[in-house]
Structures are given as structure tokens and as C-alpha cells.
Chemist: 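The structure is given below, and queries will be raised subsequently.
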Amino acid sequence: MQVVITGAASGIGRAVAELLAGQDEPHQMLLTDRDADGVKAVAEAIGPAARAFVADLSSPDCGKDIIAAAANFMGGIDGVVSNAGIISGAPLVDQTPEQFDRVYAINTRATWLLGQAAHPYLAHSRGAFIATASMSATQPTPGLGFYSSSKAALLMLMRQCALEWGPDGIRCNTVSPGPTYTPMTQAGYDDPQRRAQRESMIPLGKLGMAEDVANAIIFLLEPQAGHISGIDILVDGGMSINLMPATGGGTGQKASE
Ligand code: NAD
């Protein structure tokens, strides 16, 4: 496959690149990030099958610049993984319009710009378009109002893409990580108490790792997912179905029969 990956210098994007590079089937990858040193190091470690391209997803030109570089390097595109994202952590009453615009530009608008620019290539290859959303897209998250709402918009944007671009043969899907140990979250989860508290809420009993999310993204990229479009895969260790146990469930209630 010929694949474009954003946020490829770190965490989940990097894991997608490294797992693809480790497969028997050869893949070509355009790896992009604003972290120039980081993305170059990942591309160099993979070798000639990968090329680094430095771009800032807050720019309105990011989509056409990245896709032009990808087409130039690979000749075609089978998959686009719009993975990069940022957190803006503060209560909504304290946030500014500039912060709102920045979070939405990176977390939501950049995905549309990438998809729009990649559309002719993905239509030609009958390829896959995947975005990394978040469990926060469906669960309001304390202190992350812009983040969660930008990811909710991303979920609908990708479903809309699935509807509009399905007839062109393009599959559009999202992957929503739950709490995942990556450089984005590492500082918090390196605190043993915080980690234990979070893991106690996850039925599988552990944080996700970047590879757990990357494997779901790779499944959606590959031809075996050829009839899957418009869905979101939650990779959260079951956390999202763990609300009712906190209520005690049926314990202590009188059985009706
Ligand atoms: P990460 O911070 O390790 O990686 C994100 C990458 O995106 C970094 O390399 C960063 O340089 C890049 N990036 C950020 N802003 C950019 C910009 N303006 N232009 C270009 N590149 C930019 O984080 P991660 O955990 O691997 O996150 C990947 C995706 O997963 C994000 O969309 C994030 O919102 C989502 N996610 C992560 C978690 C988690 O717990 N880690 C949970 C839910 C969703």
C-alpha cells in the first residue's frame, strides 16, 4: 500500500508506520508531522520506503501540500491516516476564540483538507480514509471541552465523507482510542496513583498502548476491510461500557420474580 500518515513522529501515528514497515508486504509511506526531527528519525529508521514531510496542520494549505508531496514520492495513494491531534485543556469559561480555532483547525479541519486533496487519488485506488477520533467524541470530558467537541465534529465529518465519497469507492472510518499510553498522555499516566485510578475503570484492567490503536487503523486500511465504511472502532479496553457497575447495578434490589 501507499499510505499517508499524519502525527507520524510520535505515539499512535508512529506505531502505524512502524507496524506497517514490519509487515511482509512492502508499503510506501509519506510520514508527516510538525516535529521535523521526530518525523525524520522515524522515516530514517524505516528506510527508503518512508519519506518525512514537515507540515503544520493548522495551516489551510496543509492538505494540498501534504498530498502533493505524497503523490510526488509514491505516485499514488491507497490510504490516508489523519491521526494528529492536540489537547487544549482548560474549562470552557477560560478559553479564547484563538484556542477554539486552533484546536478545531488541527483536530477537525485538517482532516477535511487532507481528504479533499486526496480524493482523486483515493477514488483512483478505491482506497481508505481513516481519522483518529477519541472516546471523548462521545463522552464529555472534564477540562477538555474544545477537544471533545472537535472530535465529535470529526466523527460526523468522517461519516459525511463516507456518505459522499462511498460512490467513488472510498471507505471512510474512524478509530476512537480510550486512555492510551503515548507521549500525549505519558506525563499523567507516569503518576502511579492516576494510572491505577484510570485502569480501575477499564474492564480489561490496563491502559491501551499505541500499537493497540494502530492495529485497528491498519485493519481499516487493508483490503480485508473492503466493505466497511462509516463506522467508528472504539479501542478502549471496554471502558465505555463500564458506567453501570459504578451504580452497584442490581445489587440490593428486590428481585421481581
Ligand atoms: P502524540 O502527542 O504522541 O502524537 C501526536 C502527534 O501529532 C505529534 O507527533 C505532534 O507533533 C503531531 N502534531 C500535533 N499538532 C500538529 C500540527 N499542528 N501539525 C502537525 N503535526 C501535529 O499523541 P497520540 O496519543 O499518538 O495521539 C494521536 C491521536 O490520537 C490524536 O488525534 C489524539 O487526539 C488521539 N487520541 C489519543 C488518546 C490518548 O490517550 N493518547 C486518546 C484518544 C484520542
Side-chain angles (χ1 to χ4, degrees), residues 4-19 30-43 52-63 65-66 69 80-89 98-99 101-111 113-114 130-141 143-155 157-158 174-190 194-195 198-199 201-202 206-217 232-237 239-240:
V4 178
I5 305 167
T6 75
S10 175
I12 294 164
R14 176 181 178 165
V16 174
E18 291 176 346
L19 287 173
L30 192 282
L31 307 180
T32 179
D33 206 289
R34 69 176 169 186
D35 170 3
D37 291 345
V39 76
K40 282 177 193 158
V42 175
F53 183 75
V54 179
D56 189 332
L57 296 171
S58 64
S59 160
D61 294 328
C62 66
D65 291 350
I66 290 168
V80 173
V81 180
S82 180
N83 161 76
I86 56 161
I87 280 177
S88 174
E98 291 73 27
Q99 286 167 316
D101 288 346
R102 181 163 175 78
V103 173
Y104 274 70
I106 295 166
N107 288 0
T108 315
R109 185 182 70 178
T111 293
L113 290 167
L114 278 165
I130 296 151
T132 309
S134 172
M135 190 181 169
S136 295
T138 46
Q139 303 291 333
T141 308
L144 294 183
F146 287 171
Y147 179 76
S148 59
S149 57
S150 69
K151 293 289 189 176
L154 178 64
L155 276 190
L157 177 72
M158 291 299 289
T174 50
V175 171
S176 283
T180 308
Y181 186 81
T182 69
M184 178 185 271
T185 54
Q186 195 169 341
Y189 295 140
D190 280 344
R194 186 179 162 83
R195 184 171 184 144
R198 194 56 60 92
E199 291 186 332
M201 298 169 70
I202 301 173
K206 57 185 173 58
L207 294 174
M209 302 305 286
E211 291 72 19
D212 295 320
V213 182
N215 278 321
I217 292 172
D232 180 50
I233 298 183
L234 258 176
V235 184
D236 70 347
M239 187 174 175
S240 57

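All ligand and atom numbering here is 1-based and tracks the order in the structure. Given the structure is predicted, the values throughout are model-derived calculations rather than measurements. No hydrogens, no waters, no symmetry mates; every other heavy atom, side chains included, goes into these values.
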Chemist: Check whether any N or O atom of Ile86, backbone or side chain, sits under 3.5 Å from an N or O atom of ligand 1, and answer yes or no.
Modeler: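 Looking only at distances, the answer is no, because the N/O contact criterion of under 3.5 Å is not met.
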
Chemist: Regarding ligand 1, does Thr182 bring an N or O atom to under 3.5 Å of one of the ligand's N or O atoms?
Modeler: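 Indeed, backbone or side chain, Thr182 has an N or O that close.
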
Chemist: Heavy atom to atom 30 (O) of ligand 1, shortest distance: which of Thr132, Val175, Thr185, Val16 holds it?
Modeler: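 Going through Thr132, Val175, Thr185, Val16 one by one, Thr132 has the nearest heavy atom to atom 30 (O) of ligand 1.
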
Chemist: Applying a 4.0 Å heavy-atom criterion (strictly less than), which segment of Asn83 is in contact with ligand 1: side chain, backbone, both, or neither?
Modeler: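 Both parts.
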
Chemist: Can you find an N or O of Leu57 that's nearer than 3.5 Å to an N or O of ligand 1?
Modeler: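 Yes.
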
Chemist: Heavy atoms only: which of Ala210, Pro179, Gly178 lies closest to atom 38 (C) of ligand 1?
Modeler: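 The option holding the nearest heavy atom is Gly178.
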
Chemist: Give the atoms of ligand 1, by number and element, whose distance to some non-hydrogen atom of Gly11 is under 4.0 Å.
Modeler: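 Numbered from 1, ligand 1 contributes 3 (O), 26 (O).
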
Chemist: In terms of residue, atom name and distance, what is the protein heavy atom nearest to atom 3 (O) of ligand 1?
Modeler: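 Going atom by atom, the protein heavy atom closest to atom 3 (O) of ligand 1 ends up being Ser10 OG, 2.5 Å.
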
Chemist: Short N/O distance, under 3.5 Å, between Asp33 and ligand 1?
Modeler: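 Yes; the residue has a nitrogen or oxygen that sits under 3.5 Å from a nitrogen or oxygen of the ligand.
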
Chemist: Among pairs that include at least one residue of residues 143-155, which meet side-chain hydrogen bond (donor to acceptor under 3.5 Å, both in side chains), considering only residues two or more places apart or in two chains?
Modeler: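 For residues 143-155: Tyr104-Ser149, Asn107-Ser150.
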
Chemist: Do the numbers put Arg198 on top of the ring of Tyr181, so that NZ or CZ is under 6.0 Å from the six-membered ring centre and no more than 45° off the axis?
Modeler: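 So Arg198 doesn't make the cation-pi contact.
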
Chemist: From Glu211 CD over to Thr180 OG1, what is the distance, rounded to the nearest 0.5 angstrom?
Modeler: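 One gets 10.5 Å once the value is rounded to the nearest 0.5 Å.
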
Chemist: Does any non-hydrogen side-chain atom of Pro179 lie less than 4.5 Å from one of Thr185?
Modeler: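 No, side chains not in contact.
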
Chemist: Out of curiosity, Ile5 CD1 to Ile217 CD1, how far, rounded to the nearest 0.5 Å?
Modeler: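 Going from CD1 on Ile5 over to CD1 on Ile217, the span is 8.5 Å.
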
Chemist: Does the side chain of Asp232 come under 3.5 Å of the side chain of Thr174 through a donor N or O and an acceptor N or O?
Modeler: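 There is such a pair (donor and acceptor under 3.5 Å, judged by atom type) between the side chains of Asp232 and Thr174.
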
Chemist: State the atoms of ligand 1, each with its element, that fall below the 4.0 Å cut-off from a heavy-atom position in Ala9.
Modeler: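 Near Ala9, the atoms of ligand 1 are 9 (O).
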
Chemist: Does Leu57 reach the side chain of Ile66, with side-chain heavy atoms less than 4.5 Å apart?
Modeler: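 Yes, close enough: below the 4.5 Å cut-off.
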
Chemist: So, Arg102 and Glu98, do they make that salt bridge, N to O below 4.0 Å?
Modeler: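 Between Glu98 and Arg102 there is no salt bridge, as every charged N stays at least 4.0 Å from the carboxylate O atoms.
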
Chemist: Does any part of the side chain of Asp33, heavy atoms only, come nearer than 4.5 Å to the side chain of Val54, both counted from C-beta?
Modeler: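 Of all side-chain heavy-atom pairs linking Asp33 with Val54, none is under 4.5 Å.
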
Chemist: Below 3.5 Å, N or O to N or O, backbone or side chain included: is there any such pair between Ser134 and ligand 1?
Modeler: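 There is no such contact.
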
Chemist: Could you walk me through whether Asp65 and Phe53 pass side-chain contact (heavy atoms from CB on, under 4.5 Å), step by step?
Modeler: CA-CA 9 Å; Asp65 291 350; Phe53 183 75; 4.3 Å; yes

Chemist: Between Ser176 and ligand 1, which part of the residue brings a heavy atom under 4.0 Å of the ligand: side chain, backbone, both or neither?
Modeler: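 The answer is neither.
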
Chemist: Provide the number and element of each atom of ligand 1 under 4.0 Å from a heavy atom of Pro183.
Modeler: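 Within the 4.0 Å cut-off of Pro183, ligand 1 contributes 3 (O).
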
Chemist: Give me the residue, atom name and distance of the protein heavy atom closest to atom 26 (O) of ligand 1.
Modeler: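 Going atom by atom, the protein heavy atom closest to atom 26 (O) of ligand 1 ends up being Ile12 N, 2.8 Å.
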
Chemist: Among Leu154, Asp35, Thr180, whose heavy atom sits nearest atom 40 (O) of ligand 1?
Modeler: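 Looking at heavy atoms only, Thr180 sits closest to atom 40 (O) of ligand 1.
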
Chemist: Going by heavy-atom distance to atom 20 (C) of ligand 1, choose the closest among Ala36, Ala55, Ala84.
Modeler: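 Nearest option to atom 20 (C) of ligand 1, by heavy atoms: Ala55.
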
Chemist: Quick test of your reading of the structure: of Arg198, Arg34, Arg14, whose heavy atom lies closest to atom 14 (C) of ligand 1?
Modeler: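 Answer by nearest heavy atom: Arg34.
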
Chemist: Which bit of Asp56 is near ligand 1, meaning a heavy atom under 4.0 Å away: side chain, backbone, both or neither?
Modeler: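 It is both backbone and side chain that touch ligand 1.
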
Chemist: Quick one: does Ala133 get within less than 4.0 Å of ligand 1, heavy atoms only?
Modeler: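 Yes, that is the case, since the closest heavy atom of the residue is under 4.0 Å from the ligand.
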
Chemist: Using side chain to side chain contact (heavy atoms under 4.5 Å, CB included) as the criterion, point out the one residue from Val39, Thr6, Asp56 that pairs with Thr32.
Modeler: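 That would be Thr6.
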
Chemist: For ligand 1, note which part of Lys151 has a heavy atom under 4.0 Å away: side chain, backbone, both or neither.
Modeler: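 For Lys151, the contact with ligand 1 is made by the side chain alone.
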
Chemist: Do me a favour and list the nearest non-hydrogen protein atom to atom 5 (C) of ligand 1 with residue, atom name and distance?
Modeler: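 Of every protein heavy atom, Gly85 O, 4.3 Å lies nearest to atom 5 (C) of ligand 1.
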
Chemist: Give me the atom names and distance for the closest heavy-atom approach of Ala9 to Gly38.
Modeler: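 Shortest heavy-atom separation between Ala9 and Gly38 comes out as CB-C, 3.7 Å.
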
Chemist: Where do Ile233 and Ala216 come nearest, in terms of heavy atoms and distance?
Modeler: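 In terms of heavy atoms, the two residues are closest at CG2-CB, 4.3 Å.
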
Chemist: Distance to 0.1 Å, residue and atom name: give those for the protein heavy atom nearest to atom 44 (C) of ligand 1.
Modeler: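 For atom 44 (C) of ligand 1, the nearest protein heavy atom is Tyr147 OH, 3.1 Å.
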
Chemist: Among protein heavy atoms, which lies nearest atom 27 (O) of ligand 1, and at what distance?
Modeler: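 Nearest neighbour among protein heavy atoms for atom 27 (O) of ligand 1, to 0.1 Å: Met184 CE, 3.9 Å.
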
Chemist: At under 4.0 Å between heavy atoms, which part of Ile106 makes contact with ligand 1: side chain, backbone, both or neither?
Modeler: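 Answer for Ile106: side chain.
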
Chemist: Of all heavy-atom pairs between Ser240 and Leu234, which one has the smallest distance, and what is that distance?
Modeler: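 Residues Ser240 and Leu234, closest heavy atoms: OG-CD1, 3.3 Å.
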
